[in-house]
Enquirer: 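Submitted below is the structure of interest, expressed as structure tokens.
Just follow the structure's listing: the first ligand is 1, and inside any ligand the first atom is 1.
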Amino acid sequence: MALVSVKRVLISESVDPCCKTILQENGIEVTEKQQMTKEELIAEIQNYDGLVVRSATKVTSDVINAGSNLKIIGRAGTGVDNVDVDAATKRGIIVMNTPSGNTISAAELTCALLMSLSRHIPQAVMSMKDGKWDRKKFMGAELYGKVLGIVGLGRIGKEVATRMQSFGMTTIGYDPITPPEVSASWGVEQMSLEELWPQCDYITVHTPLMPSTTGLLNDASFAKCKKGVKVVNCARGGIIDEAALLRALESGQCGGAGLDVFVEEPPKDRVLVNHPNVISCPHLGASTKEAQARCGRDIALQIVDMATGKALVGAVSHSLKKSSGFLSSAAVVGLLTEGPQKGPNLVNALPLAAETGITVQTDHKDSNEREVCVLEVSVNGSSYTAVGSVQAGVPVLLELNGSVFRQPVPLTGHLLFFKASNSTELLLSVTGKG
Ligand SMILES: O=C(O)[C@H](O)COP(=O)(O)O
């Protein structure tokens with residue numbers, strides 16, 4: 001069964017052609033329009049069920065609210081900070097991304113900037129093109145034996161670490177989620193930021209941009225660093241405070257910066273870009289043929305899988321994330337479908353449930369070497385518990401409110417449950433296929 005019907009998709013940025021091909025092969029009509037103004041997008045968006053973007057299209061609440069038919073926003077890439085995910089979630093629109101497609105490309109660009117910073121390669125290239133042969137000015141330093149601090153030890157941070165270790169760098173890091181023993185297994189010792197700052201010769205950031213990471217490197221943290229520390233940002237503009245970076249560059253506290261991203265893109269204020277110790281790129285982290293092919297293919301396949309009810313992969317919509325999959329949301333959709341709430345679906349189910357006082361808890365357990373799922377729903381002060389599993393590809397019910405079925409009950413067709421007053425056993429009647 002289709003989760004949502006997707007018939008027309010707008011691709012508003014330069015996404016690999018395989019995205020369009022895959023969508024079309026699956027019966028979806030595709031329109032490609034690049035560099036639309038916000039007004040043009042608002043005027044057009046009502047004609048589409050789906051929108052595919054990269055980072056340049058700002059999918060604000062105005063755009064989302066104008067998309068009266070919009071059901072899915074697909075981000076061919078990782079960062080969804082250009083999409084108002086809360087506004088989309090409230091309107092029941094699924095937001096999904098392709099989080100792994102550009103990992104290697106972003107990591108490789110980070111390494112290239114680290115190497116360029118250590119040997120002043122871009123500056124030397126410019127000087128050569130200027131007709132010069134300046135062998136003194138571009139004296140560098142080896143990466144070998146230096147300390148690289150990696151803030152954010154997710155997919156990209158890990159790939160940067162293992163590559164730079166091959167240059168003989170010591171890699172230390174910080175991440176609030178990745179367990180220290182996990183990062184230790186790929187050679188990164190974790191520590192607090194307070195301990196990390198003073199040890200680093202180079203710092204690279206690989207976090208999303210959110211309140212806790214905005215201005216992570218600021219005047220106070222630069223002051224705790226070694227004099228001449230070099231920094232790289234291939235993640236999001238603003239993680240390194242741009243004004244603080246400029247001050248640190250001017251005082252010599254920061255010896256150089258490699259920037260692929262900016263708070264404003266393209267940056268109108270070119271003071272950082274023009275600084276002699278800054279090397280910069282126009283947000284090229286994911287701009288490789290390979291990364292674009294992966295992201296284009298992944299987002300198209302994810303949209304098709306969602307539209308055909310096969311799978312929901314890469315959803316970042318807030319309610320889906322919190323529900324650890326479909327289960328809580330699906331249960332609430334079932335409960336609310338007959339109620340007064342308008343259009344409950346997998347995306348808006350949990351906010352709607354919260355409004356009506358329904359609470360849902362899920363748990364996964366291994367029982368008799370079989371994975372089971374426990375669902376507890378509380379409505380108007382009464383609690384209901386169901387334990388289910390999937391056997392040979394068929395979802396089955398094992399227990400209801402503490403009573404165990406003699407046989408697993410396949411969850412197909414219409415089922416009527418009743419309980420004899422003097423029995424603890426649940427009885428089941430199958431009343432035809434639904
Ligand atoms: O978040 C991302 O995936 C990267 O920053 C790349 O963005 P882009 O798809 O706009 O190049």
Enquirer: If the threshold is 4.0 Å, N to carboxylate O, is there a salt bridge linking K230 and D201?
Expert: no
Enquirer: Would you sort out whether S12 and T57 count as a side-chain hydrogen bond (donor to acceptor under 3.5 Å, both in side chains), showing the intermediate values?
Expert: CA-CA 7 Å; S12 67; T57 307; 2.8 Å; yes
Enquirer: Sequence neighbours left out, what passes salt bridge (Lys or Arg N to Asp or Glu O under 4.0 Å) with E32? Give chain and number order.
Expert: K20
Enquirer: Taking S127 for the side chain and Q123 for the main chain, is one N or O donor matched with an acceptor at less than 3.5 Å?
Expert: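 No.
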Enquirer: Can you tell me if E290 uses its side chain to pair, donor with acceptor, with the backbone of S105 under 3.5 Å?
Expert: no
Enquirer: For the residue pair E195 / S192, report whether a side-chain donor-acceptor contact shorter than 3.5 Å exists.
Expert: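 Note: S192 and E195 side chains meet the donor-acceptor criterion.
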Enquirer: Name the residues in contact with ligand 1, where contact means a heavy atom under 4.0 Å away: which are they?
Expert: R54, S55, R75, A76, G77, T78, G79, N102, R236, H283, A286
